[in-house]
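Written out below as structure tokens is the structure these notes cover.
All residue numbers refer to positions in the sequence shown, counting from 1. For ligands, and for the atoms within them, numbers begin at 1 and follow the listed sequence.
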Amino acid sequence: MKISGQLTVDDLPRICPLLCRQTNPRYGEDQTRVVEVRGVRFGNGRPVVIAGPCAVESHEQTMAVARAVKRAGGDMLRGGAYKPRTSPHDFQGTGAEGLCILRIAREETGLPIVTEVMDTRLVEQVAEYADMLQIGSRNMQNYPLLAEVGRAGKPVLLKRGMAASLGEWLGAAEYIAKQGNLNIVLCERGIKAFPAGEYSRYVLDLNVIPAVLANTFLPVIVDPSHATGVASMVEPASRAALEFGSHGLMIEVADFASGRPRCDADQAINGETLARIVKFAHQRHERLLTAQQVTA
Ligand code: PEP
Ligand code: MN
């Protein structure tokens, strides 16, 4: 029985011809498009670690976390100035002021910035400050927003919808690509399944990483923080993601000495744990390079 809208990987060449391996043979079976963000390169073999607070709350908090990320060897700084929150009564982020704080943090640390944009009317404003625009899980299928972000001329981090199939995720990426912007990095951040809330926040879908690598030439990273919702799971989930072929990680970090974060405090790790994850990522990469040289 054929059901309308039901997708399989066989439909990908029709859904996302601009991004699909099958329709772009120049990438072969395993080449990745390198996406560059202010000198940071996703997909060139060396894993990229993005880290920072869930939300930009204040100048002090953001600077403390940014310095910790820099010390730990992180490549980029994350932080939401505009936050998608479940309740409209919850803290919504610091908006334009948060963008200014991120800019100051970049000036001091040199770390490029990725931050979320949720509204077509704010794409121009956010693009003025950010080095990379983040589309959050809840907006993965906001098609006008995807098109607007595609026209903004900045690389895009496209998080997977929490209940999105691979076809829906790559279809969303195609909306950005259709505007002439192929500088897209995909981010797996956990999907909705029955453990939700019982022992973890979402279910980290590691299996999707090899599927992404097989079907598109875009780089893909993993967000172990939202996927698990539990700080103690972030480090093992990070290692597992790299073993599955992830091109990088996006991790929430807090500086607990300067106060408890206003959002997602239970999944935030400290700078020391981040440093261990970065070290693991780099050493693993070095080992792979050495092994390749030996067999070459
Ligand atoms: C985030 O990364 O700041 C975020 C809100 O994550 P997600 O969109 O995956 O829920
Ligand atoms: Mn968060």
Side chain, backbone, both or neither: which applies to Gln134 and ligand 1 if a contact is any heavy-atom pair less than 4.0 Å apart?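 It is the side chain that gets close, since no backbone atom is under 4.0 Å.
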Do [X] and [Y] sit within salt-bridge range, that is, some charged N less than 4.0 Å from a carboxylate O?
X	Y	answer
Asp266	Arg260	yes
Glu148	Arg121	no
Lys83	Asp264	no

Considering only non-hydrogen protein atoms, determine which one is nearest to [atom] and report residue, atom name and distance to 0.1 Å.
atom	result
atom 9 (O) of ligand 1	Arg189 NE, 2.6 Å
atom 8 (O) of ligand 1	Ser137 N, 2.8 Å
atom 3 (O) of ligand 1	Arg78 NH2, 2.8 Å
atom 6 (O) of ligand 1	Lys159 NZ, 3.0 Å

Quick one: report the N, O or S atom of Glu252 that is nearest to the Mn ion (ligand 2).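 Nearest N/O/S atom of Glu252: OE2.
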Atom name of the N, O or S atom in Asp264 that lies nearest to the Mn ion (ligand 2):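 It is OD2 of Asp264.
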Are any N, O or S atoms from His226 nearer to the Mn ion (ligand 2) than 2.8 Å?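 Coordinating: yes.
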Residues, nucleotides or ligands: over 12 heavy atoms within 6.0 Å of Glu286 CD: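 It does: Glu286 CD has more than 12 such atoms within range.
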Glu243 atom CD: more than 12 heavy-atom contacts under 6.0 Å: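 Yes.
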Shared hydrophobic cluster, Leu166 / Leu158 (ILVMFWY, side-chain heavy atoms < 4.5 Å):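 The answer is yes; both residues are in one hydrophobic cluster.
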Ligand 1 atoms in contact with Lys83 (distance to a heavy atom under 4.0 Å):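 In order of numbering, the contacting atoms are 3 (O), 5 (C).
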Numbering as shown, the atoms of ligand 1 that approach Gly136 to under 4.0 Å (heavy-atom distance):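 In order of numbering, the contacting atoms are 8 (O).
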Centre of Tyr27's six-membered ring, under 6.0 Å away, within 45 degrees of the axis: is that where NZ or CZ of Arg33 sits?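 Output no; distance or angle outside limits.
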